[in-house]
Protein chains: 2
Amino acid sequence: MDDTRWLSAADQDVWRTFVTMLGALGEHMDRQLQRDSSMPYTYYEILVVLSHAPCRSLRMSELAGLRGSSRSRLSHAVARLEAQGWVERRECPTDKRGSVAVLTDAGFAALAAAAPGHVTTVREAVFDRLTPEQVTALGAISAAILDGIDPDKTLPGCRELR
Amino acid sequence: MDDTRWLSAADQDVWRTFVTMLGALGEHMDRQLQRDSSMPYTYYEILVVLSHAPCRSLRMSELAGLRGSSRSRLSHAVARLEAQGWVERRECPTDKRGSVAVLTDAGFAALAAAAPGHVTTVREAVFDRLTPEQVTALGAISAAILDGIDPDKTLPGCRELR
DNA sequence: CTCATGTGGTTGAACACTCAACCGGAACCT
DNA sequence: AGGTTCCGGTTGAGTGTTCAACCACATGAG
């Protein structure tokens, strides 16, 4: 019955380290943003994507797709961002079912204020600690794993996130 | 004022892919466990750590430390695990403030049932998709990043997680 | 011994995410 | 047209996490 292919001891070590790093890094990023800019990481990313969109606005679905988030999650998130005055909802002119999320000036300002600290954190936590070869390797590894899980999100080489 | 060292376009690409992978992989693992074994990933890890501890039991603090979790979070988690009959709380004999979490037989059984599926998912999502060199590189990269964030958790080479 | 301080652990409120259910408008049929 | 089906988006309940406050016990100084 047990035809499971278990991991070698070495692989277990890698996995353990990897998973721990995953958790610690996520928490690290989240904390920094929450502390310095009072927003969770996910919300920051929403603002980033919006800020790069034409007219700083996007249909909810597109936004959800770009951020790999569920509709429901995005709806809740935008509701909160709207309450904070960083995003507005407008109705879509071409499809009366749809909504369009628009980044407000206050939202853009909040993003501009948050970005330097965030980038600095990313740099200190990741890029400054790796050799150029490791950075390249990390990109390839991430792409390979991502490709196995969700091939859709793999390729688009646009520069949307900071 | 803007002396921020921004990321190069190439680094941005790596970061974007990495972050996307991070989110997708976490969600992937979580979904698999939730679907097949009705437990979130964090709870699975708690059970794993407990199962490797002497007498399948640990002080709450030690458990929190080993899993890199806050006391509060662990307390809530154990409360839920206790309600499911997978863990029991006993009072600590040497320190009357303390509690000890003990893995029950039912908890061990649940873990044993969940492990194969989980390991298979890990293998398929990560190890089967990487070359041996990439696996080694991933270990080194993870350790380097982790070391920058939380040097305590870096070295202990024990094989606690599957 | 007594009091201050520190520590292990819990609690409750606020917040984020998931899931399933739902509503209204679009698209597609004949 | 009229009906079915699909799709965009929201809602509410349930779950997990965080944060700050808190209790009970331990510890150390006088």
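Every heavy atom of this structure was used, including side-chain atoms; hydrogens, water molecules and symmetry mates were not. All chains are named by letter (A, B, ...) in the order of the sequence lines, taking the proteins before the strands, and each is independently numbered beginning at 1.
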*Is there a side-chain contact between A:I46 and A:W86 (heavy atoms, below 4.5 Å)?*
no

Can you tabulate the close N/O pairs, meaning under 3.5 Å, that link protein atoms to atoms of nucleotides 25-27 of chain D?
from: D:dA26; atom 1: OP1; to: B:K96; atom 2: N; distance (Å): 3.4

_Looking at every non-hydrogen atom in both residues, tell me the closest pair between A:E45 and A:R67 and how far apart they are._
OE1-NH2, 2.8 Å

*asked:* Without decimals, in angstroms, what is the distance between A:L63 CG and D:dG8 C1'?
replied: 13 Å

*Using Watson-Crick pairs (N1 to N3, plus N6-O4 or O6-N4) and G-U wobble pairs, both distances under 3.5 Å, which stems of at least 3 pairs involve DNA chain C?*
C:1-30 with D:1-30

*State the CG-OG distance between A:L63 and A:S69, to the nearest 0.5 angstrom.*
7.5 Å

*Return the value, rounded to whole Å, for the distance between atom CZ of B:R67 and atom C1' of C:dG9.*
19 Å

*Answer yes or no: is there an ion pair linking B:R5 with A:D128, defined by an N-O contact shorter than 4.0 Å?*
yes

*asked:* Of the options C:dG9, D:dT10, D:dG8, whose atoms approach the side-chain atoms of A:R59 most closely?
replied: D:dG8

_Spacing between A:D30 atom CG and C:dC15 atom P, to the nearest angstrom_ = 15 Å

_Shortest non-hydrogen contact from A:A53 toward A:L58_ = CB-CG, 3.6 Å

*asked:* Can you measure B:E82 atom CD to C:dG9 atom C1' for me and round it to whole angstrom units?
replied: 13 Å

*Side-chain N or O of B:R89 less than 4.0 angstrom from OP1 or OP2 on C:dT10?*
yes

*Near-strand residues of residues 72-81 of chain A, defined as heavy-atom separation under 4.0 angstrom from DNA chain D*: A:S72, A:S75, A:H76

_Within this structure, what is the CG-CZ distance for the pair B:D11 and A:R123, rounded to the nearest 0.5 Å?_
6.5 Å

*Answer yes or no: does a side-chain N or O of B:T42 lie under 4.0 Å from OP1 or OP2 of D:dT17?*
yes

*Comparing B:R71 and A:S70 on DNA chain C - which has the more 5′ nearest nucleotide*: B:R71

*Mind calculating the distance between CD1 (A:I46) and P (C:dA16) to the nearest angstrom?*
10 Å

*When clusters are formed by joining ILVMFWY residues with side-chain heavy atoms under 4.5 Å apart, either directly or through shared neighbours, do A:V100 and A:V78 land in the same one?*
no

*Face-on cation placement of B:R56 at B:F108 ring, 6.0 Å and 45° thresholds*: yes

*N or O in side chain of A:Y43 less than 4.0 angstrom from C:dA16 OP1/OP2*: yes

*What distance do A:E62 atom CD and A:L74 atom CG have between them, rounded to the nearest 0.5 Å?*
11.5 Å

*May I ask you to say what B:R31 touches in the nucleic acid, namely base, sugar-phosphate or nothing, with a heavy-atom cut-off under 4.0 Å?*
sugar-phosphate

*Measure from CD on A:E91 to P on D:dT10 and round the result to the nearest Å.*
12 Å

*Show the numbers, then the answer: is there a side-chain contact (heavy atoms from CB on, under 4.5 Å) between A:L25 and A:V126?*
CA-CA 9 Å; A:L25 183 58; A:V126 178; 4.3 Å; yes

*Working for side-chain contact (heavy atoms from CB on, under 4.5 Å), residues B:D95 and B:R59*: CA-CA 10 Å; B:D95 185 338; B:R59 284 289 293 271; 4.0 Å; yes

